[in-house]
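Please read the structure below before turning to the comments.
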Amino acid sequence: MSSERPSRAAASLLMLGATFFAGTSQAQQQHTRALAASNAAAEPPLAGPDVFENLSTKPGTVEISLVASEARLALVPGKSTDAYAYNGRVPGPRLEVREGDRVIIHFRNDLPDSTTVHWHGLHLPVMADGSPFHPVAPGESRDFEFTIRPGSAGTYWYHPHPHHRTGWQVAKGLYGAVIVRAADDPIAHLPEKLLILADNRLLEDGSLDVPEVRTHGWRVDRENGREGDLLFVNGEVRPTIPIRAGEVQRWRIINASAARMYRLAIPGHTFVQVGTDGGLFEHPVERREILIAGAERVEVLVRGTGAPGSHTPLQSLPYDRYIPQTRPAGWDSTHELLTLRYADAPPVPPVAIPATLRAIPVLDTLDATATRVMVLTQGMINGKIMDMTRVDVEAKLGDTEIWQVENLVGMDHPFHLHGFQFQVIDRNGVPEPFRSWKDVVNVPEHETVRFIVRYDDYPGKWMFHCHILDHEDHGMMGVLEVR
Ligand code: C2O
Ligand code: CU
């Protein structure tokens with residue numbers, strides 16, 4: 001997406017130069033520092049994605065037009081890729097709504113492929129879920145209509161969900177952010193950034209690197225989930241976030257990767273985590289690092305504790321989520337996602353972070369009427385692969401249930417339930433230290449996670465699945481019917 005931008009490769013070479021020459025004469029050092037500084041100034045700060053244009057003038061209504069089509073884009077400078085794009089861009093525009101809003105989406109599929117648009121994490125009627133049950137054929141249109149529920153303020157996202165083809169279409173470029181805002185957000189005064197994390201793999205000619213079926217590479221992708229060496233934040237490689245010393249920024253982070261998990265850290269800094277998938281926590285939590293699995297979201301406060309004029313990366317530290325046989329070379333290296341760059345200006349006065357963010361209603365295990373055991377093995381749930389004609393779990397509208405997800409294999413599987421936010425009860429028997437609303441929970445190798453959910457509204461057939469898209473596409477998915 002950055003065709004008109006100065007080459008980032010040149011930018012990082014200059015930065016390398018600055019490091020390399022440190023230790024030579026002072027004049028030389030000053031020269032290289034000046035070069036690096038001027039280059040940094042030319043480096044555009046993290047942008048976008050732009051917000052959808054609202055076609056409605058009615059208060060409390062957000063009406064948008066969404067088109068999925070083929071597009072030839074410079075995903076990285078100097079290479080052009082045959083991509084799929086929402087409204088011509090990767091990632092797609094950002095959907096901004098408020099609790100209580102009526103949302104109307106006019107979707108048109110201009111792809112040569114059948115697709116759907118899934119509003120990941122939103123609590124909405126089943127017909128608006130964009131699940132594999134409701135494909136939109138090439139050339140067809142579909143309207144999605146729903147109301148944003150009170151209490152659901154948070155960070156969500158949208159992506160295609162056609163049966164067997166989700167990983168491919170996301171790799172081609174189809175993903176975008178949804179932000180739901182509350183009327184009474186206790187940290188609305190903080191400057192905010194949206195970070196959509198994605199990765200990809202391109203061949204020399206700019207086309208997607210997708211191995212032929214039944215080759216070794218195909219098997220590795222199928223086991224691990226497809227990972228790429230190109231790490232994007234809002235479609236950019238290694239962008240910059242400017243910050244003032246003393247400033248506190250609110251970052252909403254979405255993991256839109258097919259499989260990659262990010263273990264986030266900023267050297268010399270700690271995060272204050274304030275929320276996850278379904279919005280804010282009750283109280284902020286200090287964290288040195290944060291693991292974000294596929295499709296999860298986190299909200300963190302980044303405090304500008306660095307010195308004016310300094311810079312530091314947002315890192316993804318190594319995390320071993322793989323089975324040993326297909327653990328990729330270099331899995332144990334640290335990646336840099338972006339640069340946090342301090343203005344050369346005096347610190348800003350400190351801002352207070354509220355100790356209480358909101359109240360989260362308790363889902364009481366005493367109210368649970370059933371425990372659903374989900375046994376994860378490689379590619380299967382309860383020994384079965386997905387069958388669109390089968391219902392795996394039948395439940396009654398209004399019921400509260402416990403799901404016990406047992407991972408029997410030697411790799412992590414992030415487990416996602418459509419339609420309903422849940423609360424984690426315990427992980428391997430260790431009680432969750434505090435409440436939060438989630439729709440994805442990572443189940444590490446050989447561990448068991450229990451969560452509680454209430455089907456308070458919206459009957460219908462809802463998917464649950466592993467959010468490693470290759471696993472989902474190969475059938476690590478099932479159907480919950482609420483009636
Ligand atoms: Cu984000 Cu069924 O998925
Ligand atoms: Cu999986």
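Both ligands and their constituent atoms are indexed starting at 1 by order of listing. Every heavy atom of this structure was used, including side-chain atoms; hydrogens, water molecules and symmetry mates were not. Residues: numbered from 1 along the sequence shown.
With respect to Arg222 and Asp470, no salt bridge is recorded, no charged nitrogen being found less than 4.0 Å from a carboxylate O.
Two residues are said to be in side-chain contact when any heavy atoms from C-beta on lie closer than 4.5 Å; Met374 and Phe415 meet this criterion.
Side chain to side chain, Tyr322 and Glu223 fail the donor-acceptor criterion of an N or O pair below 3.5 Å. In this model, a donor atom of one side chain and an acceptor atom of the other lie less than 3.5 Å apart for Glu286 and Thr270.
Angle SG (Cys466) to the Cu ion (ligand 2) to ND1 (His471): 130°, rounded to 10°. Around atom 2 (Cu) of ligand 1, the angle linking His465 (NE2) with His418 (NE2) is 110°, rounded to 10 degrees.
Within the coordination shell of atom 1 (Cu) of ligand 1, defined by N, O or S atoms under 2.8 Å, His161 is absent. At a cut-off of 2.8 Å, His120 coordinates atom 1 (Cu) of ligand 1 through an N, O or S atom. Here His467 meets the criterion, with an N, O or S atom under 2.8 Å of atom 1 (Cu) of ligand 1.
Of all N/O/S atoms in His413, ND1 sits nearest the Cu ion (ligand 2).
For the side chain to side chain contact (heavy atoms under 4.5 Å, CB included) with Arg94, the lone residue among Val51, Asp50, Asn234, Val178 that qualifies is Val51.
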